[in-house]
Colleague: 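Dropping a structure here in structure tokens format, bear with me for questions.
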Amino acid sequence: MLDPKFVRENMDAVKAALEKRAAGIDLSVFRALEDQRLVLLRESEDLRNKRNVVSTEIGRLKREKQDADGLMKEMKGVADRIGEIDEILKGIEDKTRLFMLNVPNIPNAAVPVGKDETCNLEVRKWGTPRAFDFEPLNHWDIAEPLGIIDFETGAKIAGARFTLMKGAGARFERALMNFMLDLNTSKGYTEVFPPLLVNRESMTGTGQLPKFEMDLFRVMDPELYLIPTAEVPVTNIHRGEILREDQLPICYTAYTPCFRREAGSYGKDVRGLIRQHQFNKVELVKFCRPEDSENELEKLTADAEDILQKLGLPYRVVLLCTGDMGFSSAMTYDIEVWLPGQQLYREISSCSNFGDFQARRADIRFKREGKKGTEFVHTLNGSALAIGRTLVAVLENYQMQDGSVIVPDVLQKYMGCDIVK
RNA sequence: GGAGAGGUGGCCGAGCCGGUCGAAGGCAGCCGCCUGCUAAGCGGUUAUAGGGGUAACACCUUAUCCAGGGUUCGAAUCCCUGCCUCUCCGCCA
């Protein structure tokens, strides 16, 4: 959420920034609501002040056994008027909040302006795609003959976009998870394992709600949501807290399954592991001071890249343009891994700096040493990495002509073997 | 699921027969004084958010004693609902 006060006082700048995102937000609605709100707020506060003063006086009179009926009658009228104003005020505040919750974040100045992914900027490339002396296969054509991924049985158990991993396939998931967590924690990230179901407040805190309800799986009675990413529970660890400056930056890494409806993606990536309703992911989440977040995004992205480098998987890093960025993000790098079976780079990680956007929604603040008041922290997160897609990349990049798959060096101790056949 | 207890400021903890309570006291923290070996002693001070105000402070004001409703001229204090925590019993991975 943007700062209402900031928006009020910087209308033109905010308007220009939002136009870059083509968000179609009409700030004049906000302005009108704010104008009304401030007038009513002042009236309400003046009346409350009067009530407080007179009520104290009534108390004094009563103690001295004097008559206060007149004042009490008068105050009854004041109380009624306060009630009326507050009701109107509440309506306006609800409208303002709803409006603000649906306004996306302002993009960082470094973000290229553009309407869709064609305007994204390739920042760097790492690794050289392997030269095959045979036609490389898609991961599903590798995995099914090996018997390590069973799409049909997954569909039988739960439906389309669910998969059963078996044998080395299941072991791969566990190996990748452990490899990533070990590497991340060695860099100072604290490992956490959070709840996989969260309440409405948490989903609102990170920005999934209210706008993206259709992307989420929901459980009724009690009303809970399955997390679409560890970002949600992990960022909400500090919801409503005031942190000390010397605690920052706080860095977490978490493995969790992720659940997504994938509404509106009918017909996209219907085969294979790329787009599933349930997938495993290891996530990085940071809380830091505002002046550190740009640098922390670079470090976080580098930490995610390091995993691909250690796995020997070629990739490129793309800076998303204004039109392709997520709702809550101020700046996002996507890391795309090379998939020889499909001859393209495919998103495997998304690393974002949210500025104070999530912190404001989730009320996560910090106090500077020796300074009055509090400030919102900046939050960041990124996948390190999406495990299913990493497995896809390993299978496709390390496939052999005979249908076997070489296990990357760093995974061998986790897999307990050096080849899957 | 059944029966109780409770949620107060950074922490501990009073208040809870409604008014003088943003809230005693203690601890921790900060400033100053005294003493000057560690320690102790004395005085003062220390919440967050919104609105107004200022060049910036100061300052004024509103709200906040888990959350949301209600009663009342007035609620931390009374009533209702929800959430959470703890203890005991039952059940269970």
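Worth saying up front: this structure is predicted, and the values here are computed from it rather than measured. Below, read A as the first sequence line, B as the second, and so on, with proteins coming before strands; counting in each chain starts at 1.
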Colleague: Mind calculating the distance between NZ (A:Lys76) and P (B:rG74) to the nearest angstrom?
Modeller: 7 Å
Colleague: Ion pair present between A:Lys50 and A:Glu74, side-chain N to carboxylate O less than 4.0 angstrom?
Modeller: yes
Colleague: Rounded to whole Å, how long is the line connecting atom CZ of A:Arg63 with atom P of B:rC73?
Modeller: 18 Å
Colleague: Counting only side-chain N and O atoms of A:Asn49, is one of them less than 4.0 Å from OP1 or OP2 of B:rU61?
Modeller: no
Colleague: Please determine whether a side-chain nitrogen of the Lys or Arg among A:Arg365 and A:Asp363 lies less than 4.0 Å from a carboxylate oxygen of the Asp or Glu.
Modeller: yes
Colleague: Under a 4.0 Å threshold between the charged nitrogen and the carboxylate oxygen, would A:Arg8 count as salt-bridged to A:Glu34?
Modeller: yes
Colleague: Both distances below 3.5 Å, Watson-Crick or wobble geometry, any strand: find the nucleotide opposite B:rC17.
Modeller: none
Colleague: Distance between the C1' atoms of B:rU8 and B:rA93, in whole angstroms?
Modeller: 38 Å
Colleague: Between A:Val54 and A:Gly59, just flag the one whose closest nucleotide in RNA chain B comes earlier from the 5' side.
Modeller: A:Gly59
Colleague: For nucleotides B:rG15 and B:rG26, find the distance between their C1' atoms and express it as a whole number of Å.
Modeller: 15 Å
Colleague: Do A:Glu262 and A:His277 come close enough that some side-chain heavy atom pair is under 4.5 Å?
Modeller: yes
Colleague: Across all strands, who's sitting opposite B:rU87 as a Watson-Crick or G-U wobble pair, both distances under 3.5 Å?
Modeller: B:rA3
Colleague: Roughly how far apart, to the nearest Å, are B:rG6 and B:rC80 at atom P?
Modeller: 14 Å
Colleague: With rounding to whole Å, what would you report as the distance between B:rC78 and B:rU72 at their C1' atoms?
Modeller: 10 Å
Colleague: Provide a list of protein-nucleic acid N or O atom pairs under 3.5 angstrom, restricted to nucleotides 63-66 of chain B.
Modeller:
unit_1 : atom_1 : unit_2  : atom_2 : d
B:rA63 : OP2    : A:Asn52 : ND2    : 3.4

Colleague: Rounding to a whole Å, what distance do you find between A:Arg244:CZ and B:rA47:P?
Modeller: 18 Å
Colleague: May I have the distance from A:Gln66 (atom CD) to B:rG19 (atom P), rounded to whole angstrom?
Modeller: 19 Å
Colleague: Is the shortest distance from a Lys or Arg side-chain nitrogen in A:Glu336 or A:Arg389 to a carboxylate oxygen in the other one below 4.0 Å?
Modeller: no
Colleague: On a whole-Å scale, what distance lies between the P atoms belonging to B:rC65 and B:rG7?
Modeller: 14 Å
Colleague: Can you tell me the pairing partner of B:rG41 across any strand shown, Watson-Crick or G-U wobble, with both distances under 3.5 angstrom?
Modeller: B:rC33
Colleague: Measure CD/A:Glu64 against P/B:rU20 and give the value in whole Å, please.
Modeller: 15 Å
Colleague: Please state how far atom NZ in A:Lys50 lies from atom C1' in B:rU62, giving the value in whole angstrom units.
Modeller: 17 Å
Colleague: Quick one: look up who B:rA23 pairs with, Watson-Crick or G-U, both distances under 3.5 Å, and put none if it's unpaired.
Modeller: none
Colleague: Strictly below 4.0 Å, N to O, side chains only: are A:Glu43 and A:Arg81 in salt-bridge contact?
Modeller: yes
Colleague: Grab the CG-C1' distance between A:Asp80 and B:rG74 for me, whole Å please.
Modeller: 14 Å
Colleague: Taking the P atom of each, how far is B:rA28 from B:rC37, in whole Å?
Modeller: 23 Å
Colleague: Distance alone, cut at 3.5 Å: any donor-acceptor contact between the side chains of A:Asn105 and A:Ser329?
Modeller: no
Colleague: Both distances below 3.5 Å, Watson-Crick or wobble geometry, any strand: find the nucleotide opposite B:rC59.
Modeller: B:rG52
Colleague: For B:rG68 versus B:rC89, give the span between their P atoms, rounded off to a whole number of Å.
Modeller: 36 Å
Colleague: I'd like the P distance from B:rC60 over to B:rU46, given in whole Å.
Modeller: 13 Å
Colleague: Inspect the contact between A:Glu375 and A:Arg368 and indicate whether a charged nitrogen and a carboxylate oxygen are less than 4.0 angstrom apart.
Modeller: yes
Colleague: Ignoring hydrogens and geometry beyond distance, is a side-chain donor-acceptor pair present between A:Gln358 and A:Glu231 at under 3.5 Å?
Modeller: yes
Colleague: Nearest whole Å is fine: how far is B:rU62 P from A:Glu93 CD?
Modeller: 17 Å
Colleague: With a non-hydrogen cut-off below 4.0 angstrom, is A:Met75 in contact with a base, only sugar-phosphate, or nothing?
Modeller: sugar-phosphate
Colleague: With the threshold set at 4.0 Å, does a side-chain nitrogen-carboxylate oxygen contact exist between A:Asp306 and A:Lys187?
Modeller: yes
Colleague: What pairs of nitrogen or oxygen atoms, one from the protein and one from nucleotides 48-55 of chain B, lie under 3.5 Å apart?
Modeller:
unit_1 : atom_1 : unit_2   : atom_2 : d
B:rU48 : OP1    : A:Lys367 : NZ     : 2.7
B:rU48 : O3'    : A:Arg365 : NH1    : 3.0
B:rU48 : O2'    : A:Arg365 : NH1    : 3.2
B:rA49 : OP1    : A:Thr374 : OG1    : 2.5
B:rG50 : N2     : A:Glu45  : OE1    : 2.5
B:rG50 : N2     : A:Glu45  : OE2    : 2.5
B:rG51 : OP1    : A:Arg8   : NH1    : 3.3
B:rG51 : OP1    : A:Arg8   : NH2    : 3.0
B:rG51 : OP2    : A:Lys5   : NZ     : 3.3

Colleague: Give a yes or no on whether a salt bridge exists between A:Arg289 and A:Asp292, defined as a side-chain N under 4.0 angstrom from a carboxylate O.
Modeller: yes
